[in-house]
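What follows is a single structure, written as structure tokens, with notes after it.
Residue numbers start at 1 and run along the sequence shown. Just so it is clear, the structure is predicted and the values come from calculations on it, not from any experiment. All values below come from the heavy atoms of this structure, side chains included, with hydrogens, waters and symmetry mates left out.
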Amino acid sequence: MNFLSLNTVESVIYNCLAAAVFLCISAILFMAVYFGRRAKRNVKKETIIEMPRGFSPLDVQRIFIGKTYPRKLTAALLTHWAALGHIKLKYIDKYHVRVIKIKNLPPHDSDKAVFFDRGTYVREIELFKTVMKKTNKGDPVDLRRPLFTKNEAVANMSGFAVREDVGVYSTRHYTLKIITIVLSVLPFLISAIWCGIASGNYMGILMFFMALIGLSVLKFVKGMPILFKFVWCGMWLGASVGSFIGFFIGIHDPYGICYAAVTIMFSGVFVLIRFIDFREKNNLEDYSDLVNYRKFLIYSPASELQKLDYGKVLPFLYAFGIKAFVKRKYHRILPDYYTDDPEGKGVLL
């Protein structure tokens with residue numbers, strides 16, 4: 001086949017495949033705009049300067065993303081438990097603290113228990129027990145690492161009949177997420193098919209499946225060590241995408257479906273999918289409170305934020321992942337539960 005000119009049949013095939021690629025892209029963009037506006041419209045617009053008592057960093061992740069990731073909760077949970085008076089944290093060096101247990105979390109049916117959601121709180125009690133067992137010998141805790149392993153988290157969760165995300169997301173929400181991912185990777189496959197038709201070399205389809213493996217690991221495997229994950233995805237995803245683009249050199253592609261396919265695969269799976277959020281209105285009240293509280297912590301002037309108790313705000317700064325961006329606006333006074341760091345060198349401050 002002459003790569004620079006096509007006969008009528010080949011031209012029809014290319015145009016049909018190109019139309020399919022841009023139809024997928026258009027569908028994703030439409031869904032992102034439609035459902036993004038829907039989610040924004042259903043979020044209450046009000047100022048929230050404090051979350052309800054008992055609201056935990058576990059609730060933050062549960063309501064935002066439907067599940068909890070131990071890797072992102074170490075500092076958030078420790079400061080939360082410390083602010084409630086269940087532990088103290090002793091400074092060792094910049095990234096390490098020693099956990100000193102004061103008292104257990106009260107059972108959920110106790111009149112001393114203060115919690116936002118019973119299902120989350122029961123899980124939190126089990127996680128607290130796990131962490132206390134691991135730190136009872138005074139071993140330092142690295143604030144950059146998970147408090148518990150994935151296996152420990154799974155073991156704690158296995159005794160519960162109800163999933164973490166029940167009551168937060170509907171079945172339709174997950175259906176839309178799956179459709180978005182499929183639409184995001186489908187243009188890559190369509191482009192690979194055209195590459196094979198035009199050149200007679202169907203290695204592009206193999207590159208698609210290799211890239212799919214790398215993309216799945218990058219998107220869904222959370223517990224893999226970051227260095228190994230980087231190498232794995234570099235081999236399976238980076239090399240596959242690079243080879244795929246190389247196959248298209250010299251191939252008739254006036255509409256740029258190759259580059260469009262690669263662009264929508266990454267932007268769709270990692271960016272646009274975040275806007276395709278379908279929650280029922282009766283589940284949006286708590287989500288609205290979190291969104292508005294996060295906005296308050298980020299955008300309020302320093303003069304207003306410095307009136308807050310930094311020790312109580314700190315767990316939410318970590319849970320939202322915004323501490324690095326806003327910490328300079330707060331009076332970072334040493335909380336009562338954080339000791340032996342007179343110069344304020346610890347990462348908690």
Side-chain angles (χ1 to χ4, degrees), residues 39-70 72-87 102-128 131 147 160 162-170 277 279-300 304-323 326-327 329-331 335-338 348:
K40 186 176 181 179
R41 184 173 64 250
N42 289 335
V43 169
K44 296 179 297 183
K45 294 178 176 61
E46 57 183 350
T47 301
I48 301 293
I49 63 173
E50 185 179 12
M51 294 305 297
R53 288 188 68 217
F55 213 99
S56 163
L58 292 177
D59 293 309
V60 174
Q61 286 205 356
R62 173 181 176 269
I63 292 171
F64 262 140
I65 58 180
K67 62 179 69 174
T68 52
Y69 291 116
K72 299 180 179 181
L73 284 169
T74 297
L77 279 177
L78 288 181
T79 52
H80 172 64
W81 293 334
L84 292 176
H86 297 286
I87 61 174
I102 298 176
K103 58 183 178 180
N104 287 319
L105 291 175
H108 71 274
D109 55 356
S110 166
D111 57 1
K112 296 181 179 180
V114 179
F115 52 84
F116 166 75
D117 176 86
R118 176 166 296 193
T120 301
Y121 184 76
V122 174
R123 288 171 167 83
E124 188 172 342
I125 292 173
E126 296 303 316
L127 293 177
F128 182 84
V131 174
L147 280 169
F160 297 99
V162 180
R163 286 171 34 172
E164 282 186 290
D165 55 3
V166 168
V168 178
Y169 298 111
S170 65
D277 192 315
R279 302 168 194 246
E280 301 297 343
K281 288 187 178 181
N282 59 350
N283 292 327
L284 279 167
E285 182 175 354
D286 306 318
Y287 180 74
S288 297
D289 288 344
L290 280 172
V291 169
N292 290 314
Y293 184 51
R294 184 175 181 271
K295 287 181 179 178
F296 169 76
L297 296 176
I298 294 176
Y299 298 113
S300 295
E304 187 170 355
L305 295 174
Q306 288 173 0
K307 301 175 184 177
L308 304 178
D309 184 337
Y310 186 67
K312 292 182 179 179
V313 173
L314 196 56
F316 292 99
L317 298 183
Y318 278 115
F320 288 126
I322 60 174
K323 176 176 175 287
V326 301
K327 63 182 181 181
K329 295 201 293 185
Y330 292 84
H331 275 315
D336 293 338
Y337 58 72
Y338 184 49
L348 279 181

Glu50: what forms a side chain to side chain donor-acceptor pair (under 3.5 Å) with it, not counting sequence neighbours?
none

At their closest point, which heavy atom of Ile125 faces which heavy atom of Pro107, and how far apart are they?
CD1-CA, 4.1 Å

Check Ile48 against Tyr293 and note the closest heavy-atom contact, atom names and distance.
O-CD1, 3.4 Å

Looking only at atom types and distance, does a side-chain atom of Ser300 sit under 3.5 Å from a main-chain N or O of Leu297, one as donor and one as acceptor?
no

Would you find a donor on one side and an acceptor on the other, under 3.5 Å apart, between the side chain of Lys329 and the backbone of Ile298?
yes

[X] versus [Y]: any side-chain heavy-atom pair under 4.5 Å?
X      : Y      : answer
Phe320 : Leu290 : yes
Leu58  : Leu127 : yes
Leu105 : Tyr121 : yes

Name all residues meeting the side-chain contact (heavy atoms from CB on, under 4.5 Å) criterion together with Lys307; count only those two or more places apart in sequence or in a different chain, and write none if there are none.
none

Taking only residues two or more places apart in sequence, or in another chain, which ones meet Tyr337 in a ring pair (Phe, Tyr, Trp, His ring centres under 6.0 Å)?
none

Steps toward side-chain contact (heavy atoms from CB on, under 4.5 Å) verdict (Asp289, Glu46):
CA-CA 8 Å; Asp289 288 344; Glu46 57 183 350; 3.8 Å; yes

Verify side-chain contact (heavy atoms from CB on, under 4.5 Å) between Leu305 and Phe296, making sure each step is shown before the conclusion.
CA-CA 9 Å; Leu305 295 174; Phe296 169 76; 4.1 Å; yes

